[in-house]
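First the structure, then my questions, so here it is.
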There are 2 protein chains.
Amino acid sequence: MNKNQKRSDCPISSSLDIWGDKWSLLIVRDLMDSRQCTYGDFLKSPEKIATNILASRLQSLEEFEIIEKTEHPDSKRKMFYKLTPKGVNMVPIMIEITAWADKYSTIPKERKAMLKEYKKDKEGFIKTAIKELKKV
Amino acid sequence: MNKNQKRSDCPISSSLDIWGDKWSLLIVRDLMDSRQCTYGDFLKSPEKIATNILASRLQSLEEFEIIEKTEHPDSKRKMFYKLTPKGVNMVPIMIEITAWADKYSTIPKERKAMLKEYKKDKEGFIKTAIKELKKV
DNA sequence: ATATTTGCTTGCAATTTGCAAGTGCAAACA
DNA sequence: TGTTTGCACTTGCAAATTGCAAGCAAATAT
């Protein structure tokens, strides 16, 4: 990812400069699903990201302050990755992507159930989700 | 873009399989701003997409039924690209990306004004925007 | 008839990806 | 007290994708 130059001042373009690739949002997704993940946790995801790509994306997301590294309580060797507030605030984007995908393809039933709750009270749902993610 | 295989059944992942790159959403953006664009119009955008990348992205977005080609009324040589309903329904995603970018960077004042309207009545704003895009 | 515009395609170098294997270090084990 | 194991990466390299420049063919303008 090219941290140095924005292609334009368009917000879509500058967002894509940060996470416009096939992998970054999957890391964000994993962290929204699990709140904190180790390097190995990301590797377990069904999309099977390569280890070098994962390392480079984690670094870039950290540089853009979407995620942050913290020490794992169990061992000094292990690291926990988690979302920063900037990352947590991507919740509405992620939900709207999910809602869009739901219209045009089959999505897992847990996601569908989540959307059902979301649609009952969008603002409330997002507020709760964000608060939950900011807790730990 | 790889139209052949989904990496997983996760809605984020399958969405990224369609438009997870640095350019596709900029094409969608241009079409949301202008409703219909020619090949040359896309080239005029500030991010300066290369002609071969543009051609390949237009083809892939067409295959995924996000956009469609229509004849230009003026000439047989010219083509108009526009969003399909599937593309139009990406409006909430695009707005939430814009809102997120607005929190962490400086965005053009027209976009900021748009967000202000959006925040007054999110549902209403989106409904109107979608209706407007579906008109032509 | 000739020139120009439009929507691409082609060629090629540079960058990025994806896969496999390797490395270094903490912690567990013997 | 070695030795092994597991975890978090790094490295090497082939393959794919990107980005730039140039080319090209059909339609339109002159």
Side-chain angles (χ1 to χ4, degrees), chain A residues 1-8 12-13 16-27 30-31 34 36-64 67-82, chain B residues 1-8 13 16-27 30-31 34 36-64 66-82:
Chain A
M1 304 297 91
N2 206 342
K3 202 172 151 40
N4 319 342
Q5 63 246 36
K6 283 175 77 173
R7 288 176 296 171
S8 76
I12 302 293
S13 164
L16 292 174
D17 287 339
I18 298 177
W19 45 256
D21 67 277
K22 285 223 170 330
W23 297 107
S24 295
L25 288 190
L26 297 182
I27 292 173
D30 285 349
L31 289 171
S34 308
Q36 27 190 28
C37 298
T38 63
Y39 189 88
D41 291 335
F42 292 118
L43 291 178
K44 281 176 213 144
S45 291
E47 295 84 9
K48 297 283 158 248
I49 188 170
T51 56
N52 54 343
I53 311 284
L54 176 58
S56 95
R57 288 303 175 280
L58 287 173
Q59 198 194 325
S60 136
L61 286 172
E62 207 184 342
E63 281 168 10
F64 282 113
I67 65 173
E68 60 187 357
K69 242 190 239 194
T70 59
E71 288 207 343
H72 191 112
D74 294 4
S75 123
K76 273 167 200 165
R77 193 83 196 82
K78 278 189 184 177
M79 281 294 180
F80 258 151
Y81 291 92
K82 50 175 294 200
Chain B
M1 301 298 92
N2 207 341
K3 202 172 151 39
N4 318 344
Q5 63 246 36
K6 286 177 75 172
R7 287 176 296 170
S8 76
S13 164
L16 292 173
D17 288 340
I18 297 177
W19 45 256
D21 67 278
K22 285 223 170 330
W23 296 107
S24 295
L25 288 190
L26 297 182
I27 292 174
D30 285 350
L31 289 171
S34 307
Q36 27 190 27
C37 298
T38 64
Y39 189 89
D41 291 335
F42 293 117
L43 291 178
K44 281 174 213 145
S45 291
E47 295 85 9
K48 296 285 159 247
I49 188 169
T51 57
N52 54 345
I53 311 284
L54 176 58
S56 95
R57 288 303 176 279
L58 287 173
Q59 199 195 323
S60 135
L61 287 172
E62 208 184 341
E63 282 169 8
F64 282 113
I66 308 282
I67 66 174
E68 60 188 355
K69 242 190 240 194
T70 59
E71 288 208 344
H72 191 112
D74 293 5
S75 121
K76 272 168 200 163
R77 194 77 195 85
K78 278 188 181 176
M79 280 294 179
F80 258 153
Y81 291 91
K82 50 175 295 200

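Here is how names work: the chains are called A, B, and so on, in the same order as the sequence lines, proteins then strands, and each is numbered from 1. Quick caveat, the model's predicted, so the values are computed rather than measured.
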Taking only N and O in the side chain of B/Trp23, is any of them less than 4.0 Å away from OP1 or OP2 of D/dG19?
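The answer is yes; a side-chain N or O of B/Trp23 sits under 4.0 Å from OP1 or OP2.
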
If I take atom CG in residue B/Asp41 and atom P in nucleotide C/dG7, what distance separates them, rounded to the nearest angstrom?
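Whole-Å distance recorded here is 8 Å.
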
What is the distance, rounded to the nearest whole Å, between atom CG of B/Leu54 and atom P of C/dT10?
16 Å

Nucleotide-resolved protein contact map, nucleotides 20-30 of chain D, B/S/- at heavy-atom distance under 4.0 Å:
BBB--BBSS--

Give the intermediate values and the outcome of side-chain contact (heavy atoms from CB on, under 4.5 Å) for residues A/Trp23 and B/Leu16.
CA-CA 8 Å; A/Trp23 297 107; B/Leu16 292 173; over 6 Å; no

B/Lys69 side chain N/O closer than 4.0 Å to the phosphate oxygens (OP1, OP2) of C/dC8?
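It does, given that an N or O in the side chain of B/Lys69 lies less than 4.0 Å from OP1 or OP2 of C/dC8.
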
Counting only N and O atoms by type, is there a donor-acceptor contact under 3.5 Å from the side chain of A/Tyr39 to the main-chain atoms of A/Thr51?
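Confirmed, A/Tyr39 side chain pairs with A/Thr51 backbone.
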
Which residues share a side-chain hydrogen bond (donor to acceptor under 3.5 Å, both in side chains) with B/Asp41, sequence neighbours left out:
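By the side-chain hydrogen bond (donor to acceptor under 3.5 Å, both in side chains) rule, B/Asp41 matches B/Thr38, B/Lys44.
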
With a 4.5 Å cut-off on side-chain heavy atoms, are B/Arg7 and A/Leu26 touching?
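A/Leu26 reaches B/Arg7 side chain to side chain.
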
In whole angstrom, give the distance that lies between atom CG of A/Asp21 and atom C1' of D/dT17.
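These atoms are roughly 13 Å apart.
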
Look up atom CG in A/Asp30 and atom OG in A/Ser45, then write down how far apart they are to the nearest 0.5 Å.
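With rounding to 0.5 Å, CG (A/Asp30) is 3.0 Å from OG (A/Ser45).
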
When you measure from the side-chain N and O atoms of A/Arg57 to the phosphate of C/dT17, is any distance below 4.0 Å, counting only OP1 and OP2?
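True: A/Arg57 side-chain N/O within range (under 4.0 Å) of C/dT17 OP1/OP2.
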
Contact between B/Leu43 and B/Ile49 at the side-chain level, heavy atoms closer than 4.5 Å - yes or no?
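Result yes, sub-4.5 Å side-chain heavy-atom pair found.
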
Where do B/Leu58 and B/Phe42 land on the side-chain contact (heavy atoms from CB on, under 4.5 Å) test, with the steps shown first?
CA-CA 10 Å; B/Leu58 287 173; B/Phe42 293 117; 3.8 Å; yes

Over how many whole Å does the gap from A/Glu62 atom CD to D/dA8 atom C1' extend?
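Going from A/Glu62 (CD) to D/dA8 (C1'), I get 13 Å.
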
Separation of C/dA14 P from B/Ile53 CD1 (nearest whole Å):
17 Å

Please report the distance, rounded to the nearest Å, between CD in A/Gln59 and P in D/dT11.
12 Å

Taking CG from A/Leu61 and P from D/dC9, how many angstroms apart are they, rounded to a whole number?
14 Å

Measure the distance from CE on A/Met79 to C1' on C/dC25 and round it to the nearest whole Å.
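About 12 Å, once rounded to whole Å.
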
Quick one: label B/Tyr81 by what it contacts on the DNA or RNA (base, sugar-phosphate, nothing), any heavy atom closer than 4.0 Å.
sugar-phosphate

